[in-house]
Structures are given as structure tokens and as C-alpha cells.
Amino acid sequence: MEQAGALVLFGITGDLARKMLLPALYRLTADSRLDLPVIGVAKTDLDLDGLREHAREACGGVHDAAFEKLAGNLRLVAGDYRDPGTFERLRAETEGKGFLVHYLAVPPALFAAVAEGLAGAGLNDNARLVVEKPFGHDLNSARELNGELLRHFDEDHLRRVDHFLGKEPVEDLMVFRFANMLLEPIWNRSHIRSVQITMAEDFDVRDRGAFYDANGTVRDVVQNHLLQLLAILAMDPPPSTDARAQLDEKWRVLRAVQAIDPADVVRGQYTGYLDTDGVRPGSTTETYVALRAYIDNWRWAGVPWCIRSGKALPTTDLEVVAELRRPPVTMFANGDAPESPNLIRFRLQPDAGVTFDLLAKEPGKQHARPVPVSVDFTKVLGPMEAAYERILLDAVSGDPRRFARFDLVEESWRIVQPVLDMKEAPLPYEKGSWGPEPAAEIAPGGWHEISTTFD
Ligand code: BG6
């Protein structure tokens, strides 16, 4: 894999660059993890000094040596992405810089035009193309977009960003599963009754009305982030540590996931959504979804994988709860109440760790009650790297494991397509609630309350 000599950042004055990419570049520069020319491309009136000031603000107004180093690495090519002249100027700016990484932090409608512009100037040779999400709007458009990009960059030189794959707690799941013998023997249909994945956000769609309304929760986070998470949780152990082995296993498990049955789905929309700027009158876009997926393979057949996500929920949390089957004989029940099942909770955001809900004898009594056994990873292991730092390092080094390979993207679109095709209006829910009431039925036995923090 080729190491980049320069990073070309399309959309350097845009939102994603301001919020995520520039601050990540700053931290990487400050820790001496990255030091290379960063050539910004944008349709902008700024000159290079203006861009440097813009970057400084994005990085929190810093005036230290690390920022000066980053500023010194910055270059700017201003121009329209559909104008061949922009790419000619880019060619002059990148001359002699070696292997190039073109990072497209621009709206997806421009991906193909930029790839074509790059190819027109010969900038697709000796280069890798990295594109942000969303990758397509459904299976067909994803295939079409892929075909357009493949005309100029082969799969080995294409990377599709899913920033969840850059999150350390997400990768920790794999370590937890495959570095400990504790879990793997029970990680299957014989011992696990259900798995619940909750991605809750306590904020609404804010100023992203137009974007969100064209997408909805399923396209925004389920097709990509949450199915990637499911793949990591459900896949078989890869036979080796190389990236391809990992990606192959993820693909194998996604291929076994049945397309979601609309009967296993509840879509919701929070009250007040229709008043958001950019949202179409009478829009039926969902801001909440709860669904059940089934995996047709030997490990998981019959086990419901329940996923829920939404905006304007009571909290901002990402948590996975696996519920184990109950012991075959009940010995320590408290009266008529059934014994609580063991739970394994993987907490991914805002803090990271794992909690086992085990049963212990209530002192002085003959019955058991659940007690949590927890490890707070941050407390024990120290702070984690931010997702975009890892994504940028991988973009530069070329390691493909934390990107979405196209066959995985295809499978995920296939899995959610019946949900995208649902015509009925979403059910209303109040802001600050856990979504529409019927969503409670999606998880057998109800959704487990998610844990709060570790303190
Ligand atoms: C983005 C979605 O991909 O992920 C947003 O477009 C969502 O709607 C965000 O809020 C969540 O990412 P994170 O890293 O903040 O959990």
C-alpha cells in the first residue's frame, strides 16, 4: 500500500473539514503523527492566508508551534469542481509530491465529477480516492456511483469512509471478542437470546433539515454505521489478522442477514420535525427507527438483532446489550418474578467499556438479584484516539480495514431496502421520549434500559 506524499482535501472550507478533519489534522501534527503537505481544494474567495485563519478558528483559535506547522503545510487551490482549470492548477500544486490521497469531503453529488476532473488532469494515477458518506441512496444508486468511480480508480485505490469504523470502542469489540476466550464459546444462538443495539441522540436534526429530510434515520446511520457494528459483533473470527480476512468475514455475515421484513419495523418522526428549515411540507421521512434483523447462519439463526436509533431521544448513547438465555432450571427466583437474565453490555459512547450483569445471592435471602461487573476502558486504559484521526492516518497509509468495502456496502443496502420502500407515514413521538410506543414491541421482552455512565 502506497504511503501518501500529500493529502488533497476537497471541501476544505466545508462543514466536515471545519468540525472534524482540520481539528484531527491539528492533533495529528501536534503529536508528530502526521507531517505532509495538505492541499485544500474549495470553491472559495479565501486566499491562502484566509484559509490558514479559517483553519486556526476550526482548531480552536490556537497559536502554538503545532498549528504553525500545520499552517505551513497548507496550500490552497480555489476553483469549481466541474472546471478542468481547477484540476490543472491542482496538478501544478502537487507536482513532484509523490503518491496523492484525494479526500472528498464534499456532497456525494460531486464525487463522480471530482473523480472525472482528477482523471482529466492525470491525477488518478499514483493516487487514492477517499469518499465520505453517504455512498449512494439505495442499492442501485450505490452501484451506479461505484461504477463511475471505478472508471478512474480501481477498488484497491478507493476508500469509502464510515467514521464509526474509526472509533476505537467499535474496534475494541473485536479485541474483546477475539482476544478473550471468555466470550466466544457462548457467542451464538445456543446461549444468546437477543442482541439489542441502541444509538440514541438527544438532539434533533438542527440545521441539517434539507440533508436529513432527503435521507432519514435508516440511510443516515443504519445502512452504514449500525450494520457495520452488527457485522463486527456477529462475524466469525477471521482466519488471520490481515485486512482482507477481516473484511471477508464481515461480508460473509452481512450476506447471511435477511432483508428486513417491514413487519419487524417501527418508524417514527418527532413532533415539530415538519417545522424544521429544509424539511418538505408533509414529509414522511423517519427521525427514528426500531427494527429486528435475523441472520441466517449456524451461529445466529433465530436470534433477533434489534436495532433502534433516533433523534430527539432522552440521551446520547451508543450501547449494545446481549441478553443470555436463562438457566434451564430456576433455583433462585424472588417469588413469582422470573430470574433476570445475564446481560453483556458493550458501552461505546460517550464512554467506553463493558458491563456484565450477573446474578448474586441477596444477603440473608434465598433469591438472587442482578449485580453489575464493569470495566471502564478509559479509566483503566487511558484516553482513546478520535475517529477522524484514525481515518486520516489510514487514508494516508492506505490500510483498508477501517473503510467500507463495496461488497459490504451492497449487502447493507440490500438488507435495508424493504424499509426504504415502506410507504406508510412514520408514527409521531414526543421529543425527549424513547420513540413511538409500538417500538417497544420490536425487542422481545422489551428494550433493556441502557446503562448510564460508569461513575
Ligand atoms: C453521522 C450522521 O454519520 O453520524 C449524524 O449523519 C449522526 O446524523 C452522526 O449524528 C453520529 O456520529 P457520532 O460520531 O457523533 O456518534
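Note that ligands are numbered from 1 as they come in the structure, with each ligand's atoms numbered from 1 the same way.
- Protein residues with any heavy atom under 4.0 Å from ligand 1: K133, H163, F164, K167, M199, E201, R208, D220, H225, K311, Q349.
- A salt bridge links K431 with D204: the distance from a Lys NZ or Arg NE/NH1/NH2 to an Asp or Glu carboxylate oxygen falls below 4.0 Å.
- A salt bridge links D220 to K133: one of the charged nitrogens lies within less than 4.0 Å of a carboxylate oxygen.
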Pair T217-Y212, side-chain hydrogen bond (donor to acceptor under 3.5 Å, both in side chains): steps then yes or no: CA-CA 8 Å; T217 312; Y212 202 87; 2.8 Å; yes
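- A side-chain contact (heavy atoms from CB on, under 4.5 Å) with I260 holds for exactly one of L420, V419, I307, V289; it is V419.
- The salt bridge (Lys or Arg N to Asp or Glu O under 4.0 Å) test applied to R405 returns D248, D407, not counting sequence neighbours.
- Using a cut-off of 4.0 Å between Lys/Arg side-chain N and Asp/Glu carboxylate O, E116 and R82 are scored as not salt-bridged.
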